[in-house]
Number of protein chains: 2
Amino acid sequence: MAYAADRFADNGYHPTSVAEIVEGLGVGKGVFYWYFDSKEELLRAILADGQLDLRRRQRAAIAGAEGPMERIERGIRASIEWSLEQRVFFRLFQFAATDDRFADNLRKGEQVAVRDAAKHVADAMAAGEIPDRDPVLLAHAMLGVTTHLVQLDHRGLMKATPEAIDSCVAFCLGGISRV
Amino acid sequence: MAYAADRFADNGYHPTSVAEIVEGLGVGKGVFYWYFDSKEELLRAILADGQLDLRRRQRAAIAGAEGPMERIERGIRASIEWSLEQRVFFRLFQFAATDDRFADNLRKGEQVAVRDAAKHVADAMAAGEIPDRDPVLLAHAMLGVTTHLVQLDHRGLMKATPEAIDSCVAFCLGGISRV
DNA sequence: CGGGTACTTGACCGATTGGTCAAGTCCCCG
DNA sequence: CGGGGACTTGACCAATCGGTCAAGTACCCG
């Protein structure tokens, strides 16, 4: 799965053949179809693995935070850091979002993360720390900002320096704060 | 090109064969290769068309605005509206960004739009309307928010109502305003 | 009307695709 | 030691891929 994920991320899912994967691994084709029903199922399994890992990281980052705003900031930072480290997973997520065959596999995981973030946004609103607006929408907006920053880094168009990450976080917090 | 763009957007670029395109159009394969060198060149031409159209819309929206902040807001709204209308182009942009063969074709157009937005952000800073920070990064952040909102609409996960668009704009303006 | 250019056709090409399967090999358990 | 499930192999399959090209057809100009 790790090797296939690498190839998918570098070459693209469709242009990477099953033959290429098993050849690179030095195994027969039968091995592949013993463990996976199809090439599609392989990618789905990889995506599920990645989402689980990201979710773990987010939960760990949020644990121990005191107020809702701190939870939001930590969640943002954890997501950015994970995405920067896990280039392969991130690229596969990006691809999967563009393909109807896989978009549904992303949806559930994304919704869980967004709803979680939205909960903290709603908490901050209840505490009067930020003005009332649709928490789910704001959570998505923050997700959009962070995703785009990471994408820039991976595409080599801009380095995600600590300062850039700070600016990104500030943008998100400013975005939910302003009336 | 329009038919091919539709097919690419619905089915994906790779899964859509040249044979399927010419068959759907009711023409011979030779016609295709008379006008295009390859399937890749076709997508590149489609992407170029889309970028040109988007750029025109952005320029038209900004023209006539008075201050830098108004220019920014109009640019955001124009980008969102165009992306919502031009579902096909937007999906192809999203795909192209995930494929190294086509990512470069997007880069130039994206940079032009971002630099333009960054200029207005810098103007607003010079006028003291918003605090000083990297204008290019902020422009990218706004692009990330709007892109994500449109993506949600196209994937059917959230309707981009006028209110949602307003919230999105407010998020962006808040993001660049807060210290 | 004759000839040439612009365009169109679809059979055809070698390569490659995702997937199958008969024939093993390996190793654990009785 | 013998048998049986777990696992592996790679030749093989029909289908399809992007792309080519000889053989037209349509139409304009002299």
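Proteins come first, then strands; the chains are lettered A, B, ... in the order of their sequence lines, and each starts at number 1. Since this is a predicted model, take the numbers as computed values, not measurements.
With rounding to the nearest 0.5 Å, the separation of CD in B/Gln151 from CZ in B/Arg155 is 5.5 Å. Taking CZ from B/Arg74 and CD from B/Glu66, the interatomic distance works out to 8.0 Å, rounded to the nearest 0.5 Å. Atom OG of A/Ser79 sits about 7.5 Å away from atom CG of A/Leu143, to the nearest 0.5 Å.
A donor-acceptor pair is defined here as one N or O able to donate and one able to accept, closer than 3.5 Å; such a pair exists between the side chain of A/Asp153 and the backbone of A/Ala160. A/Gln51 places a side-chain N or O within 3.5 Å of a backbone atom of A/Leu106 that can act as its donor or acceptor partner.
Distance, B/Trp34 CH2 to D/dA23 P: 17 Å, rounded to whole Å. Distance NZ (A/Lys29) to P (D/dA11): 11 Å, rounded to an integer number of Å. The interatomic distance linking B/Phe32 (CZ) with D/dT20 (P) rounds to 11 Å, in whole Å.
A/Arg91 and A/Gln94 share no side-chain donor-acceptor pair at under 3.5 Å.
Residue B/Lys39 places no side-chain atom within donor-acceptor reach of the base of D/dG19, judged by atom type and a 3.5 Å distance cut-off alone.
Note on B/Val18: only backbone sugar-phosphate atoms sit closer than 4.0 angstrom, heavy atoms only; bases stay farther off. Looking at heavy-atom distances under 4.0 Å, A/Phe36 makes no contact with the nucleic acid at all.
Separation of the A/Phe8 and A/Phe95 ring centroids does not fall under the 6.0 Å cut-off.
Pairing each heavy atom of B/Ile80 with each of B/Val150, the nearest pair is O-CG2, 4.1 Å.
When the C1' atoms of four end pairs are superposed on the next four at each end of the helix from C/dC1-D/dG30 to C/dG30-D/dC1, using five pairs per end, the two resulting axes differ in direction by 10°, to 10°.
A sub-4.0 Å separation between OP1 or OP2 of D/dT8 and a side-chain N or O of A/Tyr33 is absent.
In 5' to 3' order, the nucleotides of DNA chain C bounding all contacts with chain B (an atom under 4.0 Å from a heavy atom) are C/dC7 to C/dG10.
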